[in-house]
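Naming convention: chains lettered A, B, ... in sequence-line order (proteins, then strands); numbering from 1 in each chain.
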Amino acid sequence: MTAIAETSEPGIRTDPQGRPAKRRPRIGARARSGLIVGYLILIGLALIYIYPFIVSISASFKTDAEATQSPLGLIPETITFAAYERLFGDVPFARWAGNTVFVTVIVTIGRVFFDSLAGYALSRLQFRGRTVVFVAFIAVLSVPGVVLLIPRFLILQQLGLYDSYAGMIIPLLSTAAGVFIMKQFFDSIPGSIEEAARIDGAGTFRVFWTIVLPMARPALVTLFILSFQGSWNELGHFIVSRQSPELNTLTTGVASLVSGQLGSGNQFPLQLAAAVLMTIPVAVLFFIFQRRIMNTTAGAEKG
Amino acid sequence: MALAAQRPRRGGLRRGEGRAGWLFVAPAVIITAVFLAIPILLALWVSVSDWNGFQSPLNPRVNFVGLENYAAITTEEGLDQRNFGTAVRNNLYYVLLVVPLQTIIALLLAVQVNRAALRGRGFFRTAFYFPSVTSTVAIVIVFQFLFTASGAVNAVIGALGIDGPDWFNDSTGLIHGALSAFGITGPPPALAEPGFLGISGWEWLAGPSVAMTSLIILAIFTTSGTFMLLFLAALQAIGSEIDEAALVDGAGPVRKFFSITVPMLRPTLFTVLTLGLIGSWQVFDQIYVLGGTSAGGTISTPAFLAYRTSFVDLQWGQGAAIAFILFVFIIVLTLVQRWVLKERSPKSKRRAAATAQEVGVTR
């Protein structure tokens with residue numbers, strides 16, 4: 001708006017009516033100084049938000065001593081890959097990463113599939129108890145995650161799934177939030193196309209698989225992002241569902257670097273290198289789906 | 001009812017739909033029942049039992065002990081009670097600082113980013129939101145590095161002539177610290193006696209420790225971006241109205257913000273405040289990564305204490321009791337929030353939107 005006002009100023013000034021000439025420039029000047037102040041505030045804030053990440057990346061290439069002595073320095077005096085070499089040598093970082101990838105891939109596929117199945121049924125199919133099931137999912141939505149740590153451990157132990165991939169994966173395969181998102185989505189699109197397919201005699205699952213899912217792409221992408229990010233960053237569940245070091249994920253493994261012997265002393269480069277590497281996949285996902293991610297969280301408001 | 005009337009006409013099409021419906025929801029329902037509903041009941045049993053972690057909590061040698069575990073952390077004097085009291089105090093200060101600050105900063109960010117003439121809007125949005133998508137574990141490592149005694153933060157404030165603390169290891173309460181500047185280093189007799197939850201008035205008034213303050217800054221750093229997006233969406237929805245109203249009024253930017261923007265954002269403000277309130281009572285990850293017992297126990301929270309009491313001290317009943325107290329407390333907060341939102345917007349569509357918002361933020 002301001003940009004337009006500024007460029008059109010000369011034109012307005014020669015306006016025969018004269019009146020806007022008095023008002024517009026004043027608003028323009030005020031808006032301009034406001035804009036400059038605004039930019040300064042924003043740039044300052046952006047620095048505060050970004051600088052920690054940049055310094056961390058830089059410090060991961062420093063020697064232990066240099067990272068401690070000049071924590072603010074952007075360019076390492078001596079660039080060393082020692083921290084990264086140690087991560088893949090002394091530390092089973094590759095194993096942790098493998099576990100995280102494995103768990104995240106299965107959980108993400110499972111969640112997208114099961115939650116869209118359930119969301120579709122709750123939105124479109126008529127069956128007894130549908131309302132009860134939906135109300136139950138809504139109720140479950142408000143159960144806080146941290147409160148589930150002890151209960152989850154208890155049930156996994158009862159079922160003999162404790163300390164296994166199955167125990168780490170199965171409880172995460174579906175979330176009430178995902179079901180809710182999918183149901184909301186199916187409620188918002190018309191059902192006429194499926195009806196046509198049904199009249200042609202296609203079964204419910206075939207209609208779902210070949211017609212409904214392709215149409216649901218935007219919601220599926222949303223669910224994919226939320227599931228991927230959620231399971232990649234999950235910490236609590238992997239603390240209580242396993243104990244063997246071989247089953248460490250990136251979150252539990254890297255957390256053990258902070259508290260364990262390996263993390264003691266001034267080994268910041270090692271820890272920071274781990275933090276940098278574990279952030280890359282989420283960062284890539286974030287940059288690919290930027291627009292979508294930011295609308296996912298905010299878009300609901302528009303409802 | 002309308003459906004029943006339609007049924008005869010589409011009877012052929014709808015046949016088998018009941019079975020398909022149940023088959024479709026079955027995986028989600030089974031997972032939720034087996035790994036959420038039943039476990040909660042199991043934990044409820046553990047919280048009123050003397051199970052010590054040996055064998056199954058359902059084996060016949062485990063006894064029902066009534067509310068003993070709950071009493072041990074709330075009414076019976078002792079270490080367990082003091083640990084719980086301290087955790088509640090720590091979290092209370094955390095909430096008191098995090099919720100208002102993250103709301104104000106998120107709103108500030110949103111208003112700045114929302115400027116119509118702003119170039120690089122996408123860049124700023126990304127910069128502020130990025131910390132929200134990264135893992136807490138990674139963020140804690142970054143913060144530990146920045147906030148060591150000889151770290152970047154102290155280097156910056158050292159340039160201003162301030163001698164920075166050893167952030168994550170400093171257990172001094174901020175209020176205690178401020179009082180000691182006036183020469184008050186100990187409690188007046190009235191505040192020295194153990195009070196509510198076994199904590200003396202003096203200890204209740206300690207304020208957040210310096211270590212907890214670092215975690216408060218961390219929380220604001222990671223959540224303000226998320227809430228900024230909520231405000232941004234609301235601002236965009238009412239954008240032109242604000243400008244028109246301000247033009248008519250001839251209001252300056254500051255007056256425009258307080259007398260027009262803030263009132264119009266009230267529903268979003270309420271959502272952000274309550275979501276923040278609910279979220280801040282669940283801090284766990286950060287505390288776990290830091291070990292939870294450092295800084296003289298001043299960073300422990302009920303969520304972490306529940307974990308530690310069960311998994312480390314093996315007092316499962318007490319840990320489950322703490323978790324249940326927290327559970328009930330958070331559910332009450334959530335119900336109040338939903339109730340107010342429902343009162344405010346009778347349209348079911350809006351209510352669904354509010355729930356959707358909650359979903360987007362919490363997961």
Pairwise distance [atom1]([X]) to [atom2]([Y]) - rounded to 0.5 angstrom:
X        : Y        : atom1 : atom2 : value
A:Ile150 : B:Phe311 : CD1   : CZ    : 6.0 Å
B:Tyr129 : A:Tyr49  : OH    : OH    : 13.0 Å
B:Gln55  : A:Gln157 : CD    : CD    : 10.0 Å
A:Ser56  : B:Ile139 : OG    : CD1   : 9.0 Å
B:Leu42  : A:Arg152 : CG    : CZ    : 13.0 Å
B:Phe35  : A:His237 : CZ    : NE2   : 8.0 Å

Check whether [X] gets within reach of chain B through its side chain, its backbone, both or neither, counting any heavy atom under 4.5 Å.
X        : result
A:Leu159 : side chain
A:Val133 : side chain
A:Ile41  : side chain
A:Thr279 : side chain
A:Leu161 : side chain
A:Phe208 : side chain
A:Phe113 : neither
A:Ala283 : both
A:Ile170 : both

At a heavy-atom distance under 4.5 Å, which candidate from [options] has the highest pair count against chain B?
options                                : result
A:Ala176, A:Pro144, A:Gly230, A:Gly203 : A:Pro144
A:Val276, A:Thr252, A:Ile239, A:Leu156 : A:Ile239
A:Thr251, A:Val254, A:Leu272, A:Val282 : A:Leu272
A:Val55, A:Leu154, A:Val140            : A:Leu154

So which part of [X] gets closer than 4.5 Å to some heavy atom of chain A, the side chain, the backbone, both or neither?
X        : result
B:Phe231 : neither
B:Trp45  : neither
B:Leu108 : side chain
B:Val34  : both
B:Ala20  : both
B:Tyr288 : side chain
B:Ile105 : side chain
B:Trp281 : neither
B:Thr136 : neither
B:Ile330 : side chain
B:Ile30  : neither
B:Ser150 : both
B:Ile31  : side chain
B:Ile141 : both

Worksheet item: Yes or no on side-chain contact (heavy atoms from CB on, under 4.5 Å) for A:Val143 and B:Phe327, after CA distance, side-chain angles and deciding distance?
Response: CA-CA 7 Å; A:Val143 174; B:Phe327 180 54; 3.8 Å; yes
If you count heavy-atom pairs within less than 4.5 Å of chain A, which of [options] leads?
options                                : value
B:Gly291, B:Pro131, B:Ala320, B:Ser294 : B:Pro131
B:Trp316, B:Phe324, B:Tyr307           : B:Trp316
B:Leu36, B:Val140, B:Ile38             : B:Leu36
B:Ala306, B:Ala37, B:Ala127            : B:Ala127
B:Val156, B:Val137, B:Leu44, B:Leu290  : B:Val137
B:Phe123, B:Phe143, B:Phe221           : B:Phe221

Practice prompt. Please examine the side chains of A:Phe286 and B:Thr126, heavy atoms only from C-beta on, and report whether any two atoms are closer than 4.5 Å.
Written response: yes
Item to complete: Flag the pair A:Leu148 / B:Ile40 as yes when at least one side-chain heavy-atom distance between them is below 4.5 Å, and no otherwise.
Response: yes
Can you tell me if [X] uses its side chain to pair, donor with acceptor, with the backbone of [Y] under 3.5 Å?
X        : Y        : value
B:Trp22  : A:Arg128 : yes
A:Asp115 : B:Ala28  : no
B:Glu17  : A:Gln126 : yes

Item to complete: Take A:Phe153 and B:Ser310 through the test side-chain contact (heavy atoms from CB on, under 4.5 Å) and record every step on the way to the result.
Response: CA-CA 10 Å; A:Phe153 166 78; B:Ser310 290; over 6 Å; no
Fill in: Residues B:Leu23, A:Thr204; criterion side-chain contact (heavy atoms from CB on, under 4.5 Å); working and verdict
CA-CA 11 Å; B:Leu23 277 176; A:Thr204 314; over 6 Å; no
For residues [X] and [Y], report the shortest heavy-atom separation together with the two atoms involved.
X        : Y        : answer
B:Pro27  : A:Phe114 : CB-CD2, 3.4 Å
A:Ala121 : B:Val25  : CB-CG1, 3.8 Å
B:Leu58  : A:Gln158 : CD1-OE1, 3.7 Å
B:Ala43  : A:Pro151 : CB-CG, 3.6 Å
B:Thr32  : A:Phe137 : OG1-CE2, 3.5 Å
A:Ala59  : B:Phe145 : CB-CZ, 3.6 Å

Worksheet entry | Sub-6.0 Å ring centroid separation between B:Phe130 and A:Phe53 | yes
